[in-house]
Amino acid sequence: MGKRVAVVLAGCGVYDGSEIHESSAVLVHLSREGAQAEVYAPDVEQMHVVDHVKGQPTQEKRNVLVESARIARGNIKDLAKLDVKGLDALIIPGGFGVAKNLSTWATQGKNCIISKEVEDVLKAFHAAKKPIGLCCISPVLAAKIFPGCELTVGHDTECEKWPYAKTAETMKELGCKHVNKHVTEIHVDVKNKLVTTSAFMCNAPIHEIYDGIGKMVKEVVRLA
């Protein structure tokens with residue numbers, strides 16, 4: 001029997017939901033590792049809807065669970081129904097939805113609030129000593145919930161390749177240890193069973209992002 005891994009999504013689309021390429025890479029690599037993905041999302045309204053052509057918010061309203069179902073091909077459950085007992089690991093892909101729909105990081109940074117459902121799920125896997133995989137912006141969830149944990153969101157010095165490097169500095173302010181890693185690398189916090197990789201925090205070719213996520217998934221499955 002393959003490992004059962006919960007994948008938590010935050011909508012559909014980089015600017016207001018889960019990053020689609022990251023989500024797809026997680027599902028492909030889980031399949032390759034012989035693991036069974038179980039996809040969840042919170043049944044809540046999105047913070048806002050962004051026109052991905054213009055990069056601007058619109059007046060539309062959308063639901064996070066309904067939008068996430070697009071990526072899951074309809075095979076998705078309400079996050080409120082997640083039971084950690086039957087699952088071996090948790091993975092949360094990135095995308096601004098993590099910072100907008102799963103938390104208020106986009107507007108409040110280190111002073112953000114994590115959605116109670118999301119916080120409860122992360123704490124449940126952590127308490128059960130089950131591995132948690134996080135990529136792109138999603139490590140900020142762990143930074144807020146597990147002070148002193150070790151994470152990577154790539155590099156901590158802003159440049160053309162690392163446009164979001166200030167995120168690493170904010171995580172350090174929360175008392176976490178940030179470890180600089182290339183996009184194809186992962187960091188493993190052995191004590192907390194956290195596996196992180198930078199993904200689209202880096203301006204890198206898509207196959208490198210895919211490869212980094214693959215290493216993260218492989219390690220999560222191994223730790224499970």
Side-chain angles (χ1 to χ4, degrees), residues 3-10 18 22-23 25-26 29-30 33 35 37-38 40 42 79 82-95 98-99 102-105 109-156 164-165 167-199 201-202 212-224:
K3 301 286 167 64
R4 293 175 67 205
V5 180
V7 177
V8 174
L9 299 181
S18 286
E22 291 178 18
S23 304
V26 165
H29 285 297
L30 282 171
E33 292 301 314
E38 297 201 8
Y40 295 85
L79 185 61
L82 187 151
D83 182 3
V84 71
K85 288 193 204 78
L87 296 158
D88 299 298
L90 168 68
I91 294 178
I92 306 180
V98 171
L102 305 188
S103 72
T104 59
W105 183 277
K110 66 179 182 181
N111 300 315
C112 74
I113 295 160
I114 310 289
S115 141
K116 186 177 185 307
E117 276 182 6
V118 174
E119 182 168 354
D120 288 350
V121 163
L122 280 159
K123 284 182 172 174
F125 276 92
H126 188 258
K129 294 188 165 40
K130 293 178 178 181
I132 298 167
L134 304 163
C135 66
C136 193
I137 192 66
S138 66
V140 301
L141 302 173
K144 185 71 180 180
I145 297 170
F146 309 124
C149 66
E150 296 177 9
L151 303 158
T152 190
V153 287
H155 281 227
D156 58 7
Y164 310 108
T167 306
E169 289 303 318
T170 314
M171 290 162 87
K172 289 179 195 172
E173 288 169 20
L174 283 168
C176 300
K177 180 183 177 185
H178 181 269
V179 183
N180 282 350
K181 292 284 182 180
H182 185 57
V183 67
T184 57
E185 297 178 314
I186 62 172
H187 181 70
V188 184
D189 178 341
V190 178
K191 181 184 163 196
N192 289 295
K193 281 200 169 181
L194 292 172
V195 187
T196 50
T197 190
S198 63
M201 296 297 272
C202 183
I213 291 171
K215 285 181 189 169
M216 181 263 283
V217 169
K218 190 166 196 163
E219 184 63 14
V220 166
V221 173
R222 189 188 73 78
L223 288 170

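For the pair E150/L194, no side-chain contact is recorded, criterion being any heavy-atom separation below 4.5 Å from C-beta on. Side-chain contact between T184 and K215 is present, with at least one heavy-atom pair separated by less than 4.5 Å. Using a 4.5 Å cut-off on side-chain heavy atoms (C-beta onward), V26 and V5 make no contact. The closest side-chain heavy-atom distance from K144 to V140 is not below 4.5 Å. The shortest distance between side-chain heavy atoms of M201 and I137 falls below 4.5 Å. Annotation: side chain of P42 is in contact with side chain of L102 (closest heavy-atom distance under 4.5 Å). Contact check for M216 versus I91: side-chain heavy atoms found under the 4.5 Å cut-off.
Note that NZ of K3 and CZ of R222 are 10.0 Å apart. Values are rounded to the nearest 0.5 Å. Rounding to the nearest 0.5 Å gives a distance of 9.5 Å between CD of E173 and CG of N111. Note that CG of L90 and CG of L134 are 7.0 Å apart. Values are rounded to the nearest 0.5 Å. With rounding to the nearest 0.5 angstrom, the CD atom of E185 is 9.0 Å from the OG atom of S198. The CG atom of L122 sits 4.5 Å away from the CD1 atom of I92 when rounded to the nearest 0.5 Å.
Counting heavy-atom neighbours within 6.0 Å of K172 NZ, excluding the residue itself, gives a total above 12.
What you find for I213 and H29 is that their closest heavy atoms are C-CD2, 4.2 Å. Pairing each heavy atom of T197 with each of V183, the nearest pair is OG1-O, 3.6 Å. Minimum heavy-atom separation, Y40 to L79: CB-CD1, 3.9 Å. The minimum heavy-atom distance between L30 and V221, with the atom names listed, is CD2-CG2, 3.9 Å. Of all the heavy atoms in H155 and N180, the pair that sits closest is CA-OD1, 3.4 Å. Nearest heavy atoms, P93 versus C135: CA-SG, 3.8 Å.
At least one donor-acceptor pair closer than 3.5 Å links the side chain of T104 to the backbone N or O of I113. Side-chain atoms of R4 come within 3.5 Å of backbone N or O of G86 as a donor-acceptor pair. In this structure a side-chain-to-backbone donor-acceptor pair under 3.5 Å is missing from K110 to T170. Looking only at distances, a side-chain donor or acceptor of D189 sits under 3.5 Å from a matching main-chain atom of N192. In this structure, the side chain of S103 engages the main chain of V98 through a donor-acceptor pair within 3.5 Å. In this structure, S23 contributes its side chain and S18 its backbone to no donor-acceptor pair below 3.5 Å.
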Quiz prompt | K130 and D88: CA distance, side-chain angles, deciding distance, side-chain contact (heavy atoms from CB on, under 4.5 Å) verdict | solution = CA-CA 6 Å; K130 293 178 178 181; D88 299 298; 5.6 Å; no
Exercise. Give the intermediate values and the outcome of side-chain contact (heavy atoms from CB on, under 4.5 Å) for residues H178 and T167.
Key: CA-CA 10 Å; H178 181 269; T167 306; over 6 Å; no
Quiz item: Going through the checks in order, is the side-chain contact (heavy atoms from CB on, under 4.5 Å) test met by F146 and L151?
Solution: CA-CA 11 Å; F146 309 124; L151 303 158; over 6 Å; no
Self-check item: Worked check of side-chain contact (heavy atoms from CB on, under 4.5 Å) between E169 and D156
Solution: CA-CA 6 Å; E169 289 303 318; D156 58 7; 3.6 Å; yes
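Between K116 and E119, none of the side-chain N atoms (NZ, or NE/NH1/NH2) sits under 4.0 Å from a carboxylate O, so this pair counts as no salt bridge.
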